[in-house]
Amino acid sequence: MIDKILKFHRDISIEFKVLFGVFFFILLLGSVEIYQLFNNVSHQFFKAKKSKNLLLVNTISPILALNISFGLDNENKDYLDYIAKQNPDITFIELKDSANKIVYEYANNEARRKHEMGDKKEAINIDFSTKEIQDPTTNEVIGSLHLHFSDSDFLELQLVNRSLTFKLALLAFVFIFIFLILVKREFKYLRRLSASVLSYDPKLNNFSLPLSDRRDEVGVIQNAIISMVDKISSYTKILDETNISLEEKVKERTKKLQEANKRLNALSTTDELTQLSNRRYYETYFQKTWELAKRKRVKISLIMCDIDYFKKVNDSYGHQVGDEVLKAVSKALGESLKRKSDFVARYGGEEFIIVMYEADFQDARVLSQRIQENLKKGQNIVFQGKQINPVTMSFGISCITPSRDDNSEILLKNADDALYQAKDNGRNCIVSFEAP
Amino acid sequence: MFRFQLFLLLTLSNFCSLNAANYNDDILNIYSKMLPRFVMMSSQKDKIENEIKICVLHDKLDERVAQSLEDKIKSNYPDGLKNYPIKIMRTNYENVQLCANSQLSFLFNSDETQIQNAIFFFKKNSILTMSYNISFLEKGADMSLFIGRNVIPFVNMKSIRDKRITLDNLLIRVSKIYMDSEK
């Protein structure tokens with residue numbers, strides 16, 4: 001039963017719920033209005049009753065007076081008995097003569113009961129306790145009349161009024177209370193919905209509320225939110241996938257770029273034909289090594305070497321064979337270096353240069369001789385089916401412990417002079433620069 | 001018990017109308033209280049000049065009873081009523097003309113002719129009449145006393161109206177109205 005009521009409550013729209021609330025409130029106001037109305041009716045009833053009683057008293061008093069003046073006491077008794085019989089709300093009648101002696105007394109059960117209980121309190125003032133009886137001719141006071149009217153009918157009316165008002169008010173309060181509970185349930189539901197929306201994370205897809213079977217606005221809103229959440233979730237998934245794809249692409253591109261940079265860097269420092277360092281890189285390297293040797297005050301040696309009669313090779317066998325010769329020489333040079341600190345570069349044409357850090361003439365000479373040895377066995381170049389003769393190289397060595405005032409060019413110039421000296425000496429020899 | 005005795009006495013008085021001993025003293029006392037007030041509660045009060053004049057008509061036989069009634073009136077109203085002294089005129093039916101100036105006449109029992117003459121006279125002079133005997137109402141008397149369970153005024157409205165006399169409403173309210181059908 002309660003489930004059915006709650007389901008009905010969930011199915012009706014907010015307008016009707018508000019209307020129900022307003023209706024219950026009007027019912028409450030109505031009960032107040034009815035209470036007020038009944039109060040007014042009671043007031044009017046009281047006024048009418050008082051008027052009626054006053055009229056009764058004013059009517060019977062002269063008759064009683066006349067009967068007294070006529071000496072018709074028995075007639076008064078009968079008359080008052082008749083009045084008491086015709087007016088059930090009269091509880092007590094007392095007629096006294098001018099000497100204040102009771103000549104007639106009447107009391108109904110209610111009056112007797114009240115008298116026995118000592119209850120003299122009246123709910124309303126409708127008691128005309130002492131009405132003087134005046135002689136209709138002379139206006140002299142010839143007695144007094146005490147009439148006591150019952151307030152039970154008034155109390156009964158009030159009781160009915162209060163009972164009805166209480167029932168209506170109770171009904172209204174009960175309905176309003178139920179209405180407030182239902183409204184509170186609505187707000188609780190909305191708060192839960194709000195909390196779910198606030199805690200929703202599209203990446204976690206953690207919206208906790210299921211689809212609602214309610215047919216009111218709250219159910220419609222919840223289902224709309226769930227639909228929106230589903231869309232957000234699917235779009236977020238697509239976005240995440242796209243992001244991952246983009247990141248992978250960026251990584252790949254970055255790697256390619258780094259490789260290209262590396263290649264570019266190698267190209268900028270390496271001689272393409274011989275794969276040895278080129279002259280530009282040599283100059284950078286030599287300058288750094290020179291400065292280091294200067295700071296460390298160690299010896300630095302420079303070997304300049306040149307292929308003997310290389311022009312003749314080119315002219316005899318062509319540039320292609322010349323390139324092969326250059327490659328073979330470069331290979332022999334590279335294989336001859338034993339220390340990591342030794343550096344060889346193609347200086348230009350068929351000239352090569354070797355920088356040796358912390359090495360003296362002797363070290364340079366040993367290396368030069370090793371190169372000569374490697375040249376002898378490292379060349380296997382064939383031209384038109386015939387192996388051509390291995391080439392030789394001339395070496396010019398310079399060595400210096402650089403001081404603060406020394407210029408690096410002096411070392412190169414000395415090596416170059418020594419190389420010329422080697423050429424002059426018949427080539428395929430090693431000449432160390434000696435200061436004049 | 002008292003009421004029953006009173007009723008018995010009054011009933012006997014009606015059957016023995018000519019017997020003075022049948023007048024009830026209590027009833028006379030009631031009449032003595034009523035007579036001046038009936039004047040004051042009717043249009044007859046307009047005829048009052050200095051005093052309330054009440055004429056008592058009786059046979060010679062009832063003179064003592066008439067005297068008794070006069071004494072009772074004087075006893076009940078020693079100072080008159082409403083500052084008017086009360087003058088009682090007692091006379092025989094033969095001298096009914098003496099009542100010409102009165103505002104009210106009280107009729108004791110007498111023979112029918114005398115009563116008829118008196119009633120005719122009072123009607124002619126517009127004088128209110130009150131009779132001890134209730135049967136006089138039938139003959140045209142204006143008021144008497146109805147003696148039933150209680151004693152109440154018995155008013156012949158027709159005769160009063162014929163005399164163009166008006167009664168106080170209050171008086172009418174406490175009275176029993178005589179109807180022709182009660183003849």
Side-chain angles (χ1 to χ4, degrees), chain A residues 51-87 90 93-106 128 131-147, chain B residues 1-7 10 24-42 44-45 48 52 69 72-73 75-84 86 103 130 143-155 167-176:
Chain A
S51 298
K52 171 243 169 193
N53 293 341
L54 193 62
L55 179 66
L56 181 68
V57 171
N58 288 335
T59 304
I60 65 174
S61 295
I63 293 171
L64 294 172
L66 191 61
N67 284 333
I68 290 171
S69 66
F70 286 167
L72 303 174
D73 292 340
N74 283 334
E75 176 59 19
N76 268 350
K77 288 170 187 172
D78 274 8
Y79 184 61
L80 287 173
D81 280 342
Y82 173 77
I83 292 294
K85 191 177 176 184
Q86 293 298 317
N87 295 275
I90 293 178
I93 304 174
E94 190 179 69
L95 182 65
K96 291 180 179 175
D97 62 12
S98 56
N100 214 23
K101 182 187 168 190
I102 297 172
V103 293
Y104 175 84
E105 191 175 45
Y106 163 83
F128 304 95
K131 173 72 181 177
E132 287 184 340
I133 296 183
Q134 292 180 323
D135 189 312
T137 308
T138 63
N139 291 333
E140 291 172 6
V141 176
I142 56 174
S144 66
L145 176 67
H146 183 131
L147 272 182
Chain B
M1 191 63 186
F2 167 75
R3 288 178 183 174
F4 178 72
Q5 288 172 341
L6 186 66
F7 177 73
L10 290 171
N24 182 276
D25 198 53
D26 290 327
I27 298 295
L28 283 176
N29 193 37
I30 292 170
Y31 274 120
S32 70
K33 286 181 180 176
M34 278 185 178
L35 292 173
R37 290 182 181 279
F38 266 69
V39 174
M40 295 303 292
M41 297 184 78
S42 69
Q44 292 297 85
K45 70 173 183 279
I48 298 171
I52 299 168
L69 179 65
K72 287 181 191 301
I73 293 171
S75 169
N76 285 325
Y77 302 101
D79 300 323
L81 181 62
K82 210 175 180 182
N83 297 327
Y84 293 113
I86 300 170
Q103 289 101 36
M130 183 174 272
M143 289 177 283
S144 183
L145 276 181
F146 180 84
I147 307 188
R149 192 163 167 269
N150 291 319
V151 179
I152 55 171
F154 205 11
V155 177
L167 296 181
D168 192 297
N169 282 334
L170 186 61
L171 186 59
I172 295 171
R173 278 173 62 187
V174 300
S175 302
K176 179 176 169 67

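Order of the sequence lines fixes the chain letters, A, B, ..., with proteins taken first and strands second; residue numbering starts at 1 for each chain. This one's a predicted model, so the numbers in the text were calculated from it and none came from an experiment.
In this structure, the portions of Ile63(A) lying under 4.5 Å from any heavy atom of chain B include both its backbone and its side chain. Neither the backbone nor the side chain of Asn139(A) comes within contact range of chain B, judged by heavy atoms closer than 4.5 Å.
Comparing Ser69(A), Gly71(A), Pro136(A) by heavy-atom pairs within less than 4.5 Å of chain B, the highest count is held by Ser69(A). Annotation: maximal heavy-atom pairing with chain A below 4.5 Å, among Arg37(B), Arg173(B), Met34(B), Lys45(B), occurs at Arg37(B).
Of the candidates Asn76(A), Asp73(A), Asp81(A), Tyr104(A) forms a side chain to side chain donor-acceptor pair (under 3.5 Å) with just one, namely Asp81(A).
Crowding of Tyr106(A) atom OH: a count of heavy atoms from other residues, nucleotides or ligands under 6.0 Å exceeding 12.
Side chain of Gln44(B) to backbone of Gln103(B): a donor-acceptor contact under 3.5 angstrom is found.
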I'd like to know whether Phe38(B) forms a ring-ring contact (aromatic ring centres under 6.0 Å, His included) with Tyr31(B), so could you lay out the CA-CA distance, the side-chain angles of the two residues, the decisive distance to 0.1 Å, and finally the verdict.
CA-CA 10 Å; Phe38(B) 266 69; Tyr31(B) 274 120; 8.8 Å; no

